[in-house]
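Residues: numbered from 1 along the sequence shown. In this text, all values refer to a predicted model and were calculated from it rather than measured experimentally.
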Amino acid sequence: MKFRFWGVRGSLPCPETPEAVRAKVSTIINRVQSSDLVSPESRERFLAGLPPELFGSIGGNTTCFEVEGSPREILVVDAGTGLRELGTFYESSPSSPKHYHIFFTHFHWDHLQGLPFFQGLFQRGNTISFYSPMKGFEKWVRQQMDEPFFPVPLSVLPARMFFVELDEGPLVIAGTQVRWRSVNHPGSCVCYRFERDGKSLIFSTDTELRVVDFDKSPENLLFYDEVDVLVMDAQYTLDEAIERPDWGHSSSGLAVEFALDFHAKTLYLFHHEPNHDDSRIEEIGRLAQWYADHKRPGGLKVLVAREGRKGHKV
Ligand SMILES: [Zn+2]
Ligand SMILES: [Zn+2]
């Protein structure tokens, strides 16, 4: 099962500042040795040896995630600003019409604000199906495209649109099974579990883990246990989580505990705090891996979610 992160930031978009870009370039130049510059191969080796926080970026878009469907059936979770990049990727060259399936976790701004600039909506022949278990969610999606918030209402756009209120049962789209569960977040939120070709992935953004979430109830075990990939809200450090109870997000430490408790194989830290720059987030990732190894050596791979067209496979 393939998947891509199109937007990994929490709460609001965080474009790289000019100062941050200059600082990265300056640090790289200070590291380079004359022997690194003697050939194209040595230059590539030098660049490949740089830490990810220097050579690249985690990305600055808000939540948008893609999981494998088919060339014409695109499965997406949330419509944060990363959705604009996804639309550019699929719609920039003329091609056959597509069916986008957009699952919403909830309707906070950072999970909606890319929708007005999603090219898929502006392409005649496309179909967009929106999904959420929240009753009447069509009204909220339409409202944020109406005046005075945006000048072009959904009703005048050429793509065909459907709004599907999810019931309890699983859904299968283009060979991928989708299930959902409620998670703890102000105003309510859901996470999604995807299964395909014997592999499983849970996408759980905007989740403040509680003691009850760690219960080994049949429902929890059925949904969470032994998942191949767990993408989990890890917006805060432990200090920040203690200062912000009931803000609706988890610490990276708690995300590790949860992943270990339910025997996840790989954990992606997600919904990065806007006040953390790339190097801080990479440091949080390294600490989380150290903590996981301390608790259960070799038991869990911890990665930082990064935006990128290349994507991942499980
Ligand atoms: Zn959010
Ligand atoms: Zn939220």
Considering the options M145, Q144, E138, which one meets the side-chain contact (heavy atoms from CB on, under 4.5 Å) requirement together with R142?
E138
Within a strict 4.5 Å, meaning less than it, do heavy atoms of the C14 and H272 side chains meet?
no
Looking at R9 and D278, is any side-chain nitrogen of the basic one under 4.0 Å from a carboxylate oxygen of the acidic one?
yes
Residues two or more places apart in sequence or in another chain: which of them pass side-chain hydrogen bond (donor to acceptor under 3.5 Å, both in side chains) with K313?
none
Please determine whether residues F130 and F149 belong to a single hydrophobic cluster, defined as Ile, Leu, Val, Met, Phe, Trp and Tyr linked transitively by side-chain heavy-atom distances below 4.5 Å.
no
Minimal non-hydrogen separation, L300 against L260, with atom names
CB-CD2, 3.8 Å
Taking all non-hydrogen atoms of both residues, which atom of Y291 and which atom of G253 are closest, and how far apart?
CE2-O, 3.9 Å
Looking only at atom types and distance, does a side-chain atom of Q113 sit under 3.5 Å from a main-chain N or O of T81, one as donor and one as acceptor?
no
How far apart are the closest heavy atoms of S251 and A241, and which atoms are they?
CB-CB, 3.9 Å
Counting N and O atoms only, with roles assigned by atom type, does the side chain of T62 sit under 3.5 Å from a partner on the main chain of G80, one being a donor and the other an acceptor?
no
Under 3.5 Å: donor-acceptor pair, side chain of E165, backbone of G136
yes
Determine, using the 4.5 Å side-chain heavy-atom cutoff (strictly less than), whether L157 and Y90 are members of one ILVMFWY cluster.
yes
Evaluate the side-chain proximity of E219 to R181: yes if any heavy-atom separation is below 4.5 Å, no if none is.
yes
Would a hydrophobic clustering, with Ile, Leu, Val, Met, Phe, Trp and Tyr connected at side-chain separations under 4.5 Å, put L112 with F163?
yes
Results of side chain to side chain contact (heavy atoms under 4.5 Å, CB included) for L50 - residues two or more places apart only:
I28, R31, F46, L47, L54, F55
So does D213 pair up with R210, basic N to acidic O under 4.0 Å?
yes
Candidate pair L230 and F262, rule side chain to side chain contact (heavy atoms under 4.5 Å, CB included), full reasoning:
CA-CA 10 Å; L230 174 65; F262 284 98; over 6 Å; no
For A255, does its backbone N or O pair with a side-chain atom of S250 as donor and acceptor, under 3.5 Å?
no
For the pair Y192 and D78, evaluate side chain to side chain contact (heavy atoms under 4.5 Å, CB included) and give the outcome as yes or no after the intermediate values.
CA-CA 11 Å; Y192 290 99; D78 281 346; over 6 Å; no
Atom pair CG (D233) and CG (L269), whose distance is rounded to the nearest 0.5 Å
10.0 Å
Between the side chain of T207 and the main-chain N/O of T205, is any donor-acceptor distance below 3.5 Å?
yes
Under the side chain to side chain contact (heavy atoms under 4.5 Å, CB included) criterion, do V190 and F103 qualify, and how do the steps go?
CA-CA 10 Å; V190 300; F103 291 80; over 6 Å; no
Atom NZ of residue position K265 - does it have more than 12 heavy atoms of other residues, nucleotides or ligands inside 6.0 Å?
yes
Sequence neighbours left out, what pairs pass salt bridge (charged side-chain N to carboxylate O under 4.0 Å, His left out) with at least one residue falling in residues 267-276?
R244-E273
Taking side chain to side chain contact (heavy atoms under 4.5 Å, CB included) as the definition, give me every residue that meets it alongside S11, ordered by chain and number, with sequence neighbours left out.
Q235, H271, P274
Assess the residue pair E240 and N275 against the criterion (side-chain hydrogen bond (donor to acceptor under 3.5 Å, both in side chains)); give the C-alpha distance rounded to whole Å, side-chain angles, the decisive distance to 0.1 Å, and a yes or no.
CA-CA 11 Å; E240 290 164 345; N275 290 323; over 6 Å; no
Side chain to side chain contact (heavy atoms under 4.5 Å, CB included) partners of E195, counting only residues at least two apart
Q177, R179, R193, S200
Does one side chain, of D239 or T237, offer a donor that lies under 3.5 Å from an acceptor on the other?
no
Say whether H106 and D206, considering side chains only, have a donor N or O and an acceptor N or O under 3.5 Å apart.
yes
Carboxylate-amine/guanidinium proximity below 4.0 Å for E257 and K295
yes
Checking the side chain of E307 only, and the main-chain atoms of N61 only, is there a donor and an acceptor separated by less than 3.5 Å?
yes
Side-chain heavy-atom pair Y131, P133 within 4.5 angstrom cut-off:
no
With a 6.0 Å cut-off on ring centres, are F89 and W6 close enough?
yes
Hydrophobic cluster identity match, L83 and I74, side-chain contacts under 4.5 Å
yes
ILVMFWY clustering at 4.5 Å (side-chain atoms), partners of L238
I242
Which heavy-atom pair separates I29 from V32 by the least distance, and what is that distance?
O-CG1, 3.2 Å
Does anything in residues 292-314 form a ring-ring contact (aromatic ring centres under 6.0 Å, His included)? List the pairs, not counting sequence neighbours.
F3-H312, F5-H312, Y268-H312, W290-H294
Those residues at least two apart in sequence (or on a different chain) that pass side chain to side chain contact (heavy atoms under 4.5 Å, CB included) with Q33 are S35, D36
Give the intermediate values and the outcome of side chain to side chain contact (heavy atoms under 4.5 Å, CB included) for residues R196 and L201.
CA-CA 9 Å; R196 184 186 180 98; L201 182 152; over 6 Å; no
Check the pair Y100, E91 against side-chain hydrogen bond (donor to acceptor under 3.5 Å, both in side chains), reporting the backbone distance first and the verdict last.
CA-CA 11 Å; Y100 293 92; E91 298 291 338; 2.6 Å; yes
Is a side-chain donor or acceptor of D228 paired with a backbone partner of K199 at a separation under 3.5 angstrom?
no
Taking K24 for the side chain and G56 for the main chain, is one N or O donor matched with an acceptor at less than 3.5 Å?
yes
Do V231 and V314 belong together in a cluster built from hydrophobic side chains that touch within less than 4.5 Å?
yes
Inter-residue atom distance D277.CG - E282.CD, 0.5 Å rounding:
10.0 Å
I'd like to know if the side chain of T105 and the backbone of C189 have a donor-acceptor N/O pair within less than 3.5 Å.
no
As an exercise, state the distance from OG1 of T127 to NZ of K98, rounded to the nearest 0.5 Å.
12.0 Å
Report the distance from atom CZ of F194 to atom CG of L171, rounding to the nearest 0.5 Å.
10.0 Å
Honestly, is K216 close enough over Y224, meaning NZ or CZ under 6.0 Å from the six-membered ring centre and within 45° of the axis?
no
Quick one: list whatever passes ring-ring contact (aromatic ring centres under 6.0 Å, His included) with W140, sequence neighbours left out.
F107
Checking F203 now: which residues fulfil ring-ring contact (aromatic ring centres under 6.0 Å, His included) with it, not counting sequence neighbours?
F65, F270
Qualifying salt bridge (charged side-chain N to carboxylate O under 4.0 Å, His left out) pairs, either residue in residues 47-67, two or more places apart:
R4-E66, E53-R286
Can you list everything that forms a ring-ring contact (aromatic ring centres under 6.0 Å, His included) with Y236? Sequence neighbours excluded, please.
H249
